[in-house]
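Some notes on the structure that comes next.
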Amino acid sequence: MEKNEKKANKQNSSVTQGQEGLRRRDFLKKGLLGAAALSIVPRHVLGGPGYTAPSDQITKAIIGMGGIGYGHHLNRPGRLVAICDVDQHHLQRGIDKVGKGVKAYTDFRDLLQQKDVDVVHIATPPHWHGIMSVMAAEAGKDIWCEKPMTRTIGEGKKVIEAVQKHGRMFRLNTWFRFKDPFYGLGTTVKPLKKVIDSGMLGWPLKVTVSGITGYNWKFYWKGEHNLPPMPVPEHLDYNMWLGPAPVKPYNPNRVHSKFRGYWDYDGGGLGDMGQHYLDPVQYLLGKDHTSPIKVEVDAPQQHPDAVGTWRRITYTYEDGCQIILDGENRDKDAAYIEGPKGKIYKGFRSDIPNLKEIVQSLPDPEPQMTDFHESVRTRHQFALNEENGHRSCTIVNMGIAALRLGRTLHFDPVAQMFINDEGANRLIDQPMRGPWQI
């Protein structure tokens with residue numbers, strides 16, 4: 001049988017070579033006509049200057065085709081080859097949008113086995129971010145993850161370990177430390193960084209994040225108490241949606257656009273916007289490799305399941321720098337950043353004369369890697385990666401722990417544990433359900 005197959009292959013090869021010879025002679029005879037015929041091959045398929053052939057493009061897959069996956073990650077760079085969602089309606093909407101040639105999955109573990117996926121975009125609720133990031137790293141994929149990076153401090157530490165053990169590139173999906181106007185502040189981060197690095201404001205510094213300085217804490221992300229159980233829709237795999245989270249009876253308020261109001265999956269407005277708002281603060285203060293040592297909260301008693309509001313959260317670093325989250329906009333004249341020698345307000349107003357002109361003469365901050373696909377190609381760490389992303393997410397998760405417990409917490413930024421508080425430390429590594437362990 002083997003001999004016959006080899007003989008057939010040899011004959012086929014001879015025929016192919018003969019046909020190729022005829023095609024070449026025919027092409028030479030036809031001259032310009034033949035050249036014109038070849039031009040129907042799309043230019044981007046061939047590659048060359050100004051074009052990238054599909055074989056040279058970085059491919060991506062998206063886990064989670066809800067609002068952020070469908071509305072944001074579909075539009076990020078990369079050639080899409082796969083999508084995944086546990087809601088058949090979301091998945092079908094994605095299929096209709098991307099068309100043929102893109103594989104569709106209901107279980108992300110199957111997607112991670114697809115060999116032609118370079119980058120996995122994780123656009124799920126936060127209770128999945130840590131597990132999926134670790135499993136993607138183990139599968140040899142680079143990772144573009146939604147904020148907050150993880151739902152707990154312990155999960156963040158596991159993500160760092162997995163990403164670095166498997167030599168993967170990681171990017172968190174917030175970008176204000178290196179581009180775009182910083183929400184309602186009225187400036188980008190770069191001139192603020194130049195001023196702080198120059199020492200013009202003195203030290204220590206206080207940063208106030210409130211509606212007065214340009215930041216809305218979105219307290220509409222509140223959960224409802226005593227949700228009545230309802231039938232699970234046929235199009236939703238609710239057990240898979242819950243994944244590592246505790247089993248709670250289905251109610252539409254727990255899933256999709258409402259999940260941020262429940263501690264099992266996120267942390268309200270602080271979980272939603274905290275890393276967007278606070279990651280640049282870590283960068284501005286030069287705290288990318290440490291964390292605050294204390295967090296104080298002023299808030300009503302929180303419900304054990306449903307997220308509530310808060311009035312004020314204060315973080316203090318070892319050197320005296322502070323971050324104030326003013327949920328009630330108490331300080332009507334708050335500066336965004338203030339130090340012993342000066343203040344900078346919303347709109348880059350300052351009590352330092354001619355600050356805008358002075359900034360132009362100050363040296364630029366250290367350059368950053370701000371193109372994630374370039375990071376993937378060169379294996380150089382992205383500007384907002386698993387390490388500094390974990391530290392800014394730790395600020396969020398410290399605040400959530402203090403809110404849930406209703407007390408001041410002291411933190412060891414080296415051990416990354418709360419000091420003399422067993423209840424708080426139980427929130428660092430929370431139990432996961434079923435097979436979902438990292």
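Keep in mind that the numbers below use all heavy atoms, side chains included, and drop hydrogens, waters and symmetry copies. Since the model is a prediction, treat every value here as computed from it, not as a measurement.
Put simply, the side chain of T394 never gets that close to the backbone of I153: no donor and acceptor are under 3.5 Å apart. Formation of a donor-acceptor pair under 3.5 Å by the K332 side chain with backbone atoms of I212 is not found in this model. For Y70 (side chain) and R93 (main-chain N/O), no donor-acceptor pair under 3.5 Å exists by modelled atom type. Proximity of a side-chain donor or acceptor of D279 to a complementary backbone N or O of Q282 within less than 3.5 Å is not detected. With D85 contributing its side chain and M65 its backbone, the two residues share a donor-acceptor pair below 3.5 Å. Between the side chain of D326 and the backbone N or O of D331, at least one donor-acceptor pair lies under 3.5 Å. Within the 3.5 Å criterion, the main-chain N or O of L384 finds no donor-acceptor partner in the side chain of Y283. With hydrogens and angles ignored, the 3.5 Å screen pairs no side-chain donor or acceptor of R260 with any backbone N or O of G269. Panel note: side chain T188, backbone P181; no donor-acceptor pair is recorded below 3.5 Å. When atom types are taken as modelled, the side chain of W263 and the backbone of H303 share a donor-acceptor pair closer than 3.5 angstrom.
Distance SG/C321 to CD1/I337: 10.0 Å, rounded to 0.5 Å. Here the CG atom belonging to N388 is positioned 9.0 Å from the CE atom belonging to M149, to the nearest 0.5 angstrom. Going from atom CD of E146 over to atom CD of Q275 covers 10.0 Å, rounded to the nearest 0.5 Å. In this structure, CD1 on I324 lies 10.5 Å from OG on S210, to the nearest 0.5 angstrom. For the atom pair H129 NE2 and L172 CG, the distance stands at 9.0 Å (nearest 0.5 Å). To the nearest 0.5 Å, atoms CE (M169) and CE (M369) are separated by 9.0 Å.
Each of R377, R379, K60 was compared with D142 under the salt bridge (charged side-chain N to carboxylate O under 4.0 Å, His left out) criterion, and only R379 meets it. Here the options are T174, N173, D272, the test is side-chain hydrogen bond (donor to acceptor under 3.5 Å, both in side chains), and the partner is K147; only D272 passes.
Using a cutoff of 4.0 Å between basic side-chain nitrogens and carboxylate oxygens, K194 and D364 are scored as salt-bridged. Ionic pairing of K287 and D319 is present here: one or more N-O contacts between side-chain nitrogen and carboxylate oxygen are shorter than 4.0 angstrom. Between D288 and R177, at least one side-chain nitrogen of the basic residue sits less than 4.0 Å from a carboxylate oxygen of the acidic one, meeting the salt-bridge criterion. Salt bridge D298/R312: absent, no basic N to carboxylate O contact under 4.0 Å.
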Identify every side-chain donor-acceptor pair in residues 342-359 under 3.5 Å, counting partners at least two apart or on other chains, and give the distances.
| unit_1 | atom_1 | unit_2 | atom_2 | d |
| --- | --- | --- | --- | --- |
| S350 | OG | K343 | O | 2.7 |
| S350 | OG | I352 | N | 2.9 |
| D351 | OD1 | K343 | N | 2.8 |

Side-chain atoms of residues 415-426: list all donor-acceptor pairs with protein atoms under 3.5 Å, sequence neighbours left out, distances to 0.1 Å.
| unit_1 | atom_1 | unit_2 | atom_2 | d |
| --- | --- | --- | --- | --- |
| Q416 | OE1 | H390 | NE2 | 2.6 |
| D421 | OD1 | R407 | NH2 | 2.9 |
| D421 | OD1 | G423 | N | 3.3 |
| D421 | OD1 | A424 | N | 3.0 |
| D421 | OD2 | R407 | NE | 2.9 |
| N425 | OD1 | F418 | N | 2.7 |
| N425 | ND2 | F418 | O | 3.0 |
| N425 | ND2 | D421 | O | 3.4 |

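In this structure the side chain of Q88 never reaches within 4.5 angstrom of the side chain of L236, judged on heavy atoms. When side chains are defined from C-beta on, P252 counts as touching M230, because their heavy atoms get closer than 4.5 Å. At a threshold of 4.5 Å between non-hydrogen side-chain atoms, the residues Y336 and T208 do not count as touching. A heavy-atom distance below 4.5 Å is found between the side chains of L192 and L185. In this structure the side chain of L227 never reaches within 4.5 angstrom of the side chain of Y250, judged on heavy atoms. Between V102 and V81, every side-chain heavy-atom pair lies at or beyond the 4.5 Å cut-off.
Closest of all the heavy-atom pairs between P280 and V189 is CB-CG2, 3.9 Å. Of all heavy-atom pairs between K341 and M200, the closest is CB-O, 3.2 Å. Shortest non-hydrogen contact noted between I143 and S133 is CD1-O, 3.3 Å. The shortest non-hydrogen separation linking G320 to P204 is C-CB, 3.6 Å. For P413 against I293, the heavy-atom pair with the smallest separation is CD-CG2, 4.0 Å. The two residues T213 and A334 make their nearest non-hydrogen contact at CG2-O, 3.8 Å.
If you check the side chains of Q430 and R151, you find a donor sitting under 3.5 Å from an acceptor. Side-chain atoms of D116 and T59 include no donor-acceptor pair closer than 3.5 Å.
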Run the side-chain contact (heavy atoms from CB on, under 4.5 Å) check on T316 and E296 step by step: do they pass? CA-CA 9 Å; T316 304; E296 304 164 86; 4.3 Å; yes
Going through the distances and angles, do R168 and K141 end up as a side-chain contact (heavy atoms from CB on, under 4.5 Å)? CA-CA 7 Å; R168 309 324 306 162; K141 314 300 185 186; 5.7 Å; no
Pair T152, I428 - check side-chain contact (heavy atoms from CB on, under 4.5 Å), show working. CA-CA 6 Å; T152 70; I428 288 179; over 6 Å; no
Start with the C-alpha distance between V307 and K222, add both sets of side-chain angles, then the distance that settles side-chain contact (heavy atoms from CB on, under 4.5 Å), and finish with yes or no. CA-CA 5 Å; V307 177; K222 294 188 297 183; 5.9 Å; no
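Enclosure of atom CD in E318 is not indicated, since only 12 or fewer non-hydrogen atoms of other residues, nucleotides or ligands lie within 6.0 angstrom. In this structure, H289 places its NE2 atom where only 12 or fewer heavy-atom neighbours from other residues, nucleotides or ligands lie under 6.0 Å away. Within a 6.0 Å radius of CG in D333, other residues, nucleotides and ligands contribute 12 heavy atoms or fewer.
The stretch residues 93-128 participates, sequence neighbours left out, in these ring pair (Phe, Tyr, Trp, His ring centres under 6.0 Å) pairs: H73-H121, F108-W128, F108-W436, H121-W144, H127-W241, H127-Y265, W128-W436. The stretch residues 233-256 participates, sequence neighbours left out, in these salt bridge (charged side-chain N to carboxylate O under 4.0 Å, His left out) pairs: K248-D264, K248-D305, R254-D264, R254-D305.
Separation of the H256 and H90 ring centroids falls under the 6.0 Å cut-off. The aromatic ring centres of F372 and F170 sit 6.0 Å or more apart. Less than 6.0 angstrom separates the ring centroid of Y215 from the ring centroid of F182.
For H373, there are no ring pair (Phe, Tyr, Trp, His ring centres under 6.0 Å) partners, not counting sequence neighbours. For the side-chain contact (heavy atoms from CB on, under 4.5 Å) test, residues two or more places apart in sequence or in another chain that qualify with Q437 are M432.
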